[in-house]
Amino acid sequence: MAAPTLPKSLVGVNTKMYFDLPTTTAYISSVSKIAPPPDSSCGIFIIPSYPCLGAAHTLLQATPQVLLGAQNCHTEDSGAYTGEVSPLMLKQIGCSMVCLGHAERRRAPINEADDVIAKKAKAVVRNGMIPLVCIGEKAKSNIMSEGVGLAIRECSPQIMEVLRAVPGDAPIIFAYEPAWAIGAQEPASADHVLAVVKSLKSLVDTVEGKTEIRMLYGGSAKPGTWQTLKAGLDGLFLGRFAHNVENFEKVIREVEES
Ligand SMILES: O=C(CO)COP(=O)(O)O
């Protein structure tokens, strides 16, 4: 099953568990009105909670260029896995991407490991969807060069495990989200992000046949963040600061215009 192809740049929002069903449907109705046209080089995506996906898909029927994603999935399509969510069913309900390995799932109590995330990425691709794999270091260092080195050491295996599991021609989106920058007042510094991502991109380039990769930044991203990162990134993955539609629109326009 072929996954959709990736636009040049991407801006997306994760509503985490902040939005209930009525809030999600109202938000998506507003977002569908500000979406870039289908032929835009900037794509947008929305990652709501599982129970909202059916309603979200219905609301997005007139704007299929807005990609719908889930916040997680299981490694298997079906079986005795009570309480888990099948990637096959996510595809059937209208998802075209699945967010995997978010920092909020890599930490306790879930402690999701790289090998499980890689299996999930494979399952997402098997079902014709795009894996949106979050990567990032846990701790912040106040010394710039130390922080960059730490990030590269932690993110490299997170990336490589996924690249080894997924067929070479499958599109993959990586979101570099340092755990310490999520839920903060300000994003990580542009110097830090650009240095880490430059190195991670060269790592991806060493893997033969991996063509369709996009690298986004996430972690307290907001209007203005893109201006500082556009030289080295392919887009942004937003949380709280895009839960206001006007802010989300500002970021979309910034990325669209660049
Ligand atoms: O976790 C995020 C996106 O997945 C970002 O969240 P915040 O922008 O709220 O820090």
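Computed from a predicted model, the values in this text were never measured in an experiment. Whatever order the structure lists them in is the order used to number ligands and atoms, beginning at 1.
- Note: an N/O pair closer than 3.5 Å links Asn14 and ligand 1 by distance alone.
- The two atoms that bring Lys91 and Gly128 nearest to each other are NZ-O, 3.3 Å, heavy atoms only.
- Applying the 4.0 Å criterion to heavy atoms of Ser220 picks out, from ligand 1, the atoms 7 (P), 8 (O), 10 (O).
- For Arg106 and Glu104, the salt-bridge test fails: no basic side-chain N is under 4.0 Å from an acidic carboxylate O.
- Residues Lys222 and Glu186 are paired through a salt bridge, judged by an N-O separation under 4.0 Å between the basic side chain and the carboxylate.
- When hydrogens are left out, the protein atom nearest atom 6 (O) of ligand 1 is Lys16 NZ, 3.1 Å; that is the closest non-hydrogen contact.
- Note on ligand 1: Lys222 sits outside its first shell, no heavy atom being nearer than 4.0 Å.
- Side chain to side chain, His102 and Glu112 fail the donor-acceptor criterion of an N or O pair below 3.5 Å.
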Practice problem: Carefully, step by step, assess Tyr176 and Phe237 under the rule ring pair (Phe, Tyr, Trp, His ring centres under 6.0 Å). | Solution: CA-CA 9 Å; Tyr176 171 53; Phe237 187 21; over 10 Å; no
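- Donor-acceptor pairing under 3.5 Å is recorded for the side chains of Ser220 and Arg240.
- Of the listed residues (Arg240, Glu177, Gln185), the one carrying the non-hydrogen atom nearest atom 3 (C) of ligand 1 is Glu177.
- Considering only non-hydrogen protein atoms, atom 5 (C) of ligand 1 sits nearest to Gly239 N, 3.7 Å.
- Using bins of under 30°, 30° to 60° and over 60° for the plane-to-plane angle, the ring pair Tyr27/Phe19 lands in the perpendicular bin.
- Residue Phe241 has no nitrogen or oxygen atom sitting less than 3.5 Å from a nitrogen or oxygen atom of ligand 1, judged on distance alone.
- Closest to atom 4 (O) of ligand 1, if we only count protein heavy atoms, is His102 NE2, 2.9 Å.
- The shell of residues lying under 4.0 angstrom from ligand 1, judged by heavy atoms, includes Gly183.
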